[in-house]
Amino acid sequence: DDDEDSLVTMYLTVREGNSAENTDHTWTEINTYSKYWYEEQNIPQYAVEGILQIGDENGPLPGEVGYGLKVPNAIIKIRGQTSTRREQKNYKIELKEESGEWRGQQTINLNKHVSEGLRFKNKLAYDLMKDIPQMMSARTQFVHLYVKDETSGGSGEFEDYGLFTQVEQVNKRYLRTHGLDNNGHLYKIEFFEFYRYEDALKLATDPSYDLTVFEDYLEVKGDEDHSKLLSMLDDVNNYSIPIEETVEKWFDTENLFYWMGFHILIGNADTNARNYYLYSPLNVDKFYIISWDNDGAFATQEDLINGDIPEHGSWQMGISNYWGNVLYQRMFKVDKYREGLTKAIEDLRAQYLTEEKINSLVSLYRPVVKPYVYSMPDLMYAPLTSEQYDVVADALAGSIEENYQGDLESLQRPMPFYIGTPAVSGNKLLINWETAYDFDSENITYDVELSSDYLFQNIIQSERGLRIPETEMEQLPPGQYFVRVTATNESGKSQTAFDYYVIDEGKVYGTKCFYVLEDGTIEEDYRELL
């Protein structure tokens, strides 16, 4: 029932509330601190009370949520993780239980998407999903937000906060609204690669169960009986059980293939270990994947314009992007599963992600969104010029073919691997790495380079054409160093390691940074571990 190019105006009046609900804070406080600050302080996130009203540019409208209210009907926090460090915030508005719903929703997520210049890529992805039977989408809505700050130091007048995209929260209400089992199991992926994680993932009845630790990997949004999840993970990590048996028991392969194929084609690389939900109905073994947070999609052209190092290192294109995940790695070593993914990608490319379809949606969004992007207050934070905006928007449809070719290329390369932390043995430096996997079982050789800079302009030592995943080099004096390992198969196709080095402009892929300390011991660069 969504109207893709419509815009809803929301009016939010914020007030200091009470300590019991942790809403006795100012709007300035809410917008000052990032999620990381709350974690460092080990305190609950601050919130405020508010009156949410729905209307148009002339004000709140009769018959809509909040019309005529004088007392708060909502609690408001900032939302997101990395985005909470930015000047413009995303907001989560929770309507109070007795205040009813807005379009069947009580949790209203308002996303600013400050890291992407078009401000509509997330909505584009959800609108494209709606036509794909093997996927589950979510309702979205462009929102123009006004905020009146009545907390201490506030102006007491409505101020223009610009454009947001509202995205339906995936929760029990979402499951019921979409015809799914709202009593089922639902987990939001925080960081999860289908390993067993025995120290964290336990039954709620286990005396050592710690929900906070559990939710470092999976945030619990549904039934709290984790026995099905743990049984599935036991099977995934049990190499004595054929992976075909595990996959057919626990997963809907069509859903999995189309979900992965969709994100490969739109270039949403940040889906290999997060940004989705796992859902399973009660009394059914199958787990299904529901997408979440797609604003990293269609990024190539904008990265080029901004001069950023693209997030798409060679291993982040196609199937190799998912190789660090134990389930997907085991699955896609099986021919029929690779073929199933390829068929899904071909179908998506031919039917659902065509240039005509994408361009038609872009033509709806652009006249609605662009005027807000280049008006105050959003103009202050626009990462693209008006001319660049059009260049990026016009290039979106063509990126599907680029990502498709990247996937075909990934099937011909060796799969990525991890470099071990170098070690000292006598007067030698030992370097080892995992064996790279090749779908065609071609022989693989490795090139190893040591450098004092991450651009490898000053190579200190190197070895080429190695056939085993280890080598010895001369011990190094104290200092910072970088090691790069490249795997090449008989067809001449190469692949880098999973490791990367973090710089201000992004990540340098395929490179591990380490330090030789004064006492000769070695420490790995901590930023790779974050």
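In this text the structure is predicted, and so the values were computed from the model without any measurement.
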Proximity of Tyr277 and Trp292 rings by center, below 6.0 Å: yes
Looking at every heavy atom in both Pro414 and Ser494, which two are closest together, and how far apart are they? CD-C, 4.2 Å
Other residues, nucleotides and ligands only: do more than 12 of their heavy atoms fall within 6.0 Å of CG on Asp3? yes
Taking the inter-plane angle between the rings of Tyr197 and Phe192 on a 0 to 90° scale, is it parallel (under 30°), tilted (30 to 60°) or perpendicular (over 60°)? tilted
is_close_aromatic(His113, Phe164), centroid dist under 6.0 Å: no
Indicate yes or no: does Glu244 engage Lys249 in a salt bridge with an N to O separation below 4.0 Å. no
Less than 4.0 Å between a side-chain N and a carboxylate O, is that true for Asp447 and Arg464? yes
Stepwise, does the ring-ring contact (aromatic ring centres under 6.0 Å, His included) test hold for Tyr418 with Trp433? CA-CA 6 Å; Tyr418 283 102; Trp433 55 93; over 10 Å; no
Side-chain donor/acceptor of Asp5 to backbone N/O of Tyr365, under 3.5 Å: no
Arg366/Asp390 ion pair, N-O < 4.0 Å: yes
Taking Glu168 first and then Arg103, would you say they form a salt bridge - that is, a charged N and a carboxylate O separated by under 4.0 Å? no
Carboxylate-amine/guanidinium contact Asp234 Arg196, below 4.0 Å: yes
Heavy-atom neighbours of Lys343 NZ exceed 12 at 6.0 Å: no
Counting the benzene-type ring for Trp, do Tyr337 and Phe332 have ring centres under 6.0 Å apart? no
With a 3.5 Å distance limit and no angle check, can you tell me whether Lys228 reaches the backbone of Val284 through a side-chain donor-acceptor pair? yes
Among Tyr509, Tyr481, Tyr454, Phe514, which one satisfies ring-ring contact (aromatic ring centres under 6.0 Å, His included) with Tyr501? Tyr454
Do we get Arg338 above Phe439's six-membered ring, with its NZ or CZ under 6.0 Å from the centre and within 45° of the axis? yes
Paired with Asn489, the side-chain hydrogen bond (donor to acceptor under 3.5 Å, both in side chains) test is passed by just one of Asp438, Asp440, Asn443, namely Asp438
Salt bridge between Glu355 and Lys357, side-chain N to carboxylate O under 4.0 Å? no
